[in-house]
Amino acid sequence: MPEDMSLQQLQSYMGSNPKPLDFDAYWERALQELERQPLDYTLEPADFVSPMVECYHLYFTGVGGAKVHGKLARPKHLTEQGPALAMFHGYSCDSGDWFDKVSYAAHGFTVLAMDCRGQGGLSEDNLQVQGTTVRGHIIRGIDDPDPDRMYYRNVFLDTVQTVRILMSMEQVDPERIGTFGCSQGGALTVACAALEPRVRMAVPVYPFLSDYKRAWALDATTSAYEELVYYFRWFDPNHMREEEHFHRLGYIDIQHLADRIRGRVLFVTGLSDTICPPSTQFAVYNKIVSDKEILLYHEYGHEYLPYLSDRAMSEFLRL
């Protein structure tokens, strides 16, 4: 991958992927559809048992009728409303082990970790689109005449519904909600906090799904954005529709959502990241206008970041 920008350049970089002129109307239309979606959910006891925490599999119906799964961990014997945390996972993974959810629940948090549709967890993907899907979810729906049929549109809306379900719970203080995730989960953390501005605290870690044109220009074959290269190779090798493709991707580019965030943001980036290049991440951070702080790991990339979990918990304990 070509060398990314210097830190000085990153601090002023504002992105290169185009923002559709009807971007705001696109997401207002999407949120109006979500408003018509009931917040009903069902609970099934989990096999994981804790003396301090109740653990359930939670299912709700997302837009388009898809069944979406999450892991719910909540403290036993709550005497008053407490904070809540929505957690989002990395690309192609699932909501993960119970352990980290239980750690937060033991500190009084109600935690709901969402499985993304059609990835490694139990959520279903019932989206039917025209055109290819090749491999990967970024391009799912890119050839459909209707931009409302892009895969990540529905996943972004699922994150909002996840938070609203938490807000509806009797034991949750709706004014004390946080979001957390790494990579794809970091992107969903941003999208959720942007589309549901009542989110009070967000910790996105090296977020994915940003500044697609920049990621592609940096040799996407070596990054999480490699499916863009496959798409061009197989379906537009002469790049006759390049401008059209990146315009369409602009609808699901989290940098264009960032200025909607109203809560505090602790943004985490590894400056040696070759999976989600730092410039694609700074394109998001530099557009956030709410209270924000960036935590830089200079010699780290898309990997385990020491002390991050402790720092994140200390931030959320302030809710």
Side-chain angles (χ1 to χ4, degrees), residues 12-37 62-64 88 116-117 127 129-131 136-164 179 181 184 186-199 202 204 207-217 220 225 227-228 231 241-263 265 267 276-277 279-290 292:
S12 60
Y13 178 65
M14 298 300 287
S16 60
N17 200 86
K19 180 180 181 179
L21 293 177
D22 64 341
F23 180 87
D24 291 332
Y26 177 89
W27 282 107
E28 289 309 312
R29 184 170 66 249
L31 289 169
Q32 288 172 10
E33 179 181 351
L34 186 63
E35 289 288 344
R36 299 190 291 270
Q37 192 68 36
V63 293
F88 306 112
C116 291
R117 302 177 180 213
L127 180 65
V129 298
Q130 293 185 34
H137 296 284
I138 294 174
I139 55 150
R140 185 155 167 71
I142 195 173
D143 289 322
D144 197 285
D146 184 357
D148 288 358
R149 298 181 66 77
M150 300 210 44
Y151 168 84
Y152 273 110
R153 172 191 182 271
N154 290 345
V155 176
F156 287 5
L157 292 177
D158 289 341
T159 70
V160 177
Q161 195 168 1
T162 294
V163 162
R164 290 179 179 177
T179 59
Q184 175 187 251
L188 300 183
T189 294
V190 170
C192 183
L195 295 171
E196 179 41 270
R198 289 176 292 177
V199 170
F208 184 35
L209 305 178
S210 172
D211 205 5
Y212 300 102
K213 195 168 188 178
R214 173 67 179 170
W216 169 72
Y225 297 89
E227 64 201 71
L228 300 179
Y231 182 84
R241 299 172 58 207
E242 177 184 318
E243 183 177 350
E244 176 186 343
H245 296 323
F246 285 115
H247 176 273
R248 174 64 71 92
L249 290 171
Y251 289 115
I252 56 166
D253 188 334
I254 63 167
Q255 66 168 315
H256 301 322
L257 287 168
D259 63 358
R260 290 173 170 239
I261 296 173
R262 295 294 175 262
V265 179
F267 199 99
C276 293
S279 55
T280 67
Q281 300 179 46
F282 271 84
V284 182
Y285 180 76
N286 291 336
K287 290 185 174 70
I288 297 171
V289 295
S290 63
K292 65 181 180 179

Please give me the minimum heavy-atom distance between [X] and [Y], naming the atom from each residue.
| X | Y | value |
| --- | --- | --- |
| Leu127 | Met150 | CD2-C, 4.2 Å |
| Ala187 | Pro207 | N-CB, 3.6 Å |
| Ala202 | Thr189 | CB-CG2, 3.8 Å |

Roughly how far apart are [X] [atom1] and [Y] [atom2], rounded to 0.5 Å?
| X | Y | atom1 | atom2 | result |
| --- | --- | --- | --- | --- |
| Arg260 | Ile254 | CZ | CD1 | 14.0 Å |
| Leu157 | Leu31 | CG | CG | 6.0 Å |
| Arg214 | Asn17 | CZ | CG | 12.5 Å |
| Arg140 | Asn154 | CZ | CG | 9.5 Å |
| Gln255 | Tyr212 | CD | OH | 9.5 Å |
| Lys19 | Leu257 | NZ | CG | 8.5 Å |

Just by modelled atom types, is the [Y] backbone N or O under 3.5 Å from a matching donor or acceptor in the [X] side chain?
| X | Y | result |
| --- | --- | --- |
| Ser210 | Thr280 | yes |
| Asp259 | Lys287 | no |
| Arg36 | Val63 | no |
| Arg248 | Asp144 | yes |
| Tyr225 | Leu209 | yes |

(Q) Between Lys213 and Asp253, does any side-chain N to carboxylate O distance fall below 4.0 Å? (A) no

Measure the shortest side-chain to side-chain distance between [X] and [Y] over non-hydrogen atoms and say whether it is less than 4.5 angstrom.
| X | Y | result |
| --- | --- | --- |
| Arg164 | Gln37 | no |
| Phe88 | Cys192 | yes |
| Pro204 | Tyr285 | no |
| Arg262 | Val289 | yes |
| Ile138 | Phe208 | yes |
| Leu195 | Leu34 | no |
| Cys276 | Gln281 | yes |

Q: Using side-chain hydrogen bond (donor to acceptor under 3.5 Å, both in side chains) as the criterion, list what pairs up with Gln130, not counting sequence neighbours.
A: none

**Q.** Residues in side-chain hydrogen bond (donor to acceptor under 3.5 Å, both in side chains) contact with Glu242, at least two apart in sequence or another chain
**A.** His239

Q | Test log, rule side chain to side chain donor-acceptor pair (under 3.5 Å), inputs Asp211 and Ser16 | A | CA-CA 6 Å; Asp211 205 5; Ser16 60; 3.2 Å; yes

Q: For side-chain contact (heavy atoms from CB on, under 4.5 Å), just list the numbers for Tyr151 and Val129, CA-CA rounded to whole Å, side-chain angles, deciding distance to a tenth of an Å, and then say yes or no.
A: CA-CA 9 Å; Tyr151 168 84; Val129 298; over 6 Å; no

Q. So Asp148 and Arg29, side-chain contact (heavy atoms from CB on, under 4.5 Å) or not? Walk me through it.
A. CA-CA 9 Å; Asp148 288 358; Arg29 184 170 66 249; 2.8 Å; yes

(Q) Which label fits Tyr152 and His137: parallel for a plane angle under 30°, tilted from 30 to 60°, or perpendicular past 60°? (A) perpendicular

(Q) Is the ring pair Trp216/Phe246 parallel, tilted or perpendicular, if the boundaries are 30 and 60 degrees? (A) tilted

Q) With Arg241, which residues qualify under side chain to side chain contact (heavy atoms under 4.5 Å, CB included), at least two apart? A) Asp143, Tyr231, Asp236, Glu244, His245

(Q) For a side chain to side chain donor-acceptor pair (under 3.5 Å) check, start with the C-alpha distance between Asp22 and Tyr251, then their side-chain angles and the critical distance, and finish with the verdict. (A) CA-CA 9 Å; Asp22 64 341; Tyr251 289 115; 2.6 Å; yes

